[in-house]
Number of protein chains: 2
Amino acid sequence: MATLTAAQRREQARADYDAFLRECPTNQLLGRLSDKWVSLVVAALAAGPLRYSDIGRKVAGVSPKMLTQTLRTLERDGILSRTVTPSVPVRVDYALTPLGASLAGLLTAVKDWAETHFDEVRTARERYDSENPG
Amino acid sequence: MATLTAAQRREQARADYDAFLRECPTNQLLGRLSDKWVSLVVAALAAGPLRYSDIGRKVAGVSPKMLTQTLRTLERDGILSRTVTPSVPVRVDYALTPLGASLAGLLTAVKDWAETHFDEVRTARERYDSENPG
DNA sequence: CCGCATCCTTTTCGATACTG
DNA sequence: CAGTATCGAAAAGGATGCGG
């Protein structure tokens, strides 16, 4: 008779796996970077520093909540810097750090790819949909 | 008195905006590509074709549901091809298309960036957390 | 102007069990 | 082996109102 039940073994395996994932840099960061708003915000700042409301205007469709949330995590990760000018009313500027700039090149490359190859993707979708009715 | 209430104007603006977003190629594709599993699956296939279960093993922690879902959308978008060999048991191979291969380079560049700069990001996080208690 | 807190809806996702 | 179906938990996301 085994010293562990099947359920216990499964739980153990899951715990090990969770620990592994938490230590895996690629998955951690990739999960963070795999965010629609991250790409758009970084792309927006690639051209130069912007104020909070300017980013909101440049990144179409982002709610204040998501914008703030995205900016906070990117600031925490050292991707961008946040500068508060204590005037009245307050002025807050965001800019890419050198680290962020190195990432921006890659993300805009992906964005450019999307723009360049969208027609091919659309064609592929239409073909797929016509070949797979239902 | 206006012919529309503020709420109605807001709703109208949102409808217009939604229509705009649906037509925007960049946002459509970028949203699709900004997916953790997409990056990982494409990266897994970058080295060469793989069978369904091989991908599942290579991409740690993906459930059958998400794997199938991801593979289906990528096939529909023309990023990868699906080949069924009607043996017993069935054998299904997935491979990047030329279109997918052109994308793979960019995504693995992002993945490499994550691996290379993870230490910097971690350091930035620790600094941020110590400077922002609570 | 910038942003936080709250509520609430929608969507996503993982676990599980089952089929050809 | 390669999926599909279903369920429930979890998270994301938007709306709104307030505060510095």
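The sequence lines fix the lettering, A, B, ..., with proteins before strands; numbering per chain opens at 1. Since we're looking at a predicted model, the values are computed, not measured.
The CG-C1' distance, from B/Leu71 to D/dG3, rounds to 11 Å in whole Å. Across the protein-nucleic acid pair, B/Leu50 atom CG and D/dC1 atom C1' stand 15 Å apart, rounded to whole Å. A straight line from CG of A/Asp35 to C1' of C/dT12 spans 14 Å, rounded to a whole angstrom. Rounding to whole angstrom units, NZ of residue B/Lys36 and C1' of C/dC13 are separated by 10 Å. Distance CZ (B/Arg57) to C1' (D/dC1): 10 Å, rounded to an integer number of Å. What separates CZ of A/Arg32 from C1' of D/dA12 is a distance of 14 Å, to the nearest Å. Here the P atom of nucleotide D/dA11 and the CD atom of A/Gln69 are 12 Å apart, to the nearest Å. Put simply, CG on A/Leu67 is 11 Å from P on C/dC4, counting in whole angstrom units.
Within the 4.0 Å cut-off from OP1 or OP2 of D/dA2, at least one side-chain nitrogen or oxygen of B/Arg51 is found. Side-chain nitrogen and oxygen atoms of A/Arg82 include at least one within less than 4.0 Å of the OP1 or OP2 phosphate oxygen of C/dG3. Distances shorter than 4.0 Å separate some side-chain N or O of A/Tyr94 from OP1 or OP2 on C/dG3. Of the side-chain N and O atoms in A/Ser53, one or more sit less than 4.0 angstrom from OP1 or OP2 of C/dC2.
No donor-acceptor pair under 3.5 Å is formed between the side chain of A/Thr68 and the backbone N or O of A/Lys65. Remark: the backbone N or O of A/Thr73 is not paired with any side-chain donor or acceptor of B/Tyr128 at under 3.5 angstrom. No donor-acceptor distance shorter than 3.5 angstrom exists from the side chain of A/Ser34 to the backbone of B/Ser34, with no hydrogens or angles considered.
For A/Ser63, whose side chain is taken as the heavy atoms from C-beta onward, the closest listed nucleotide among D/dC1, D/dG14, D/dG3 is D/dG14. Among the nucleotides C/dC1, D/dC1, C/dC4, the one closest to the side chain of A/Thr68 is C/dC4. When distances are taken from the side chain of A/Arg72 to each of C/dG3, D/dC1, D/dT4, the shortest belongs to C/dG3. Looking at the side chain of A/Trp37, the nearest of the listed nucleotides D/dG14, C/dC13, C/dG3 is D/dG14. Listed candidates were C/dC4, C/dC13, D/dG14. Nearest to the side chain of A/Lys65 is D/dG14. Of all nucleotides listed (D/dG13, D/dG20, D/dG3), D/dG13 comes nearest to the side chain of A/Met66.
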Run the numbers on B/Ile79 and B/Leu103 for side chain to side chain contact (heavy atoms under 4.5 Å, CB included), then give the verdict. CA-CA 8 Å; B/Ile79 306 291; B/Leu103 174 64; 4.1 Å; yes
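Within the 4.5 Å cutoff, the side chain of A/Ile55 has heavy atoms near those of the A/Leu71 side chain.
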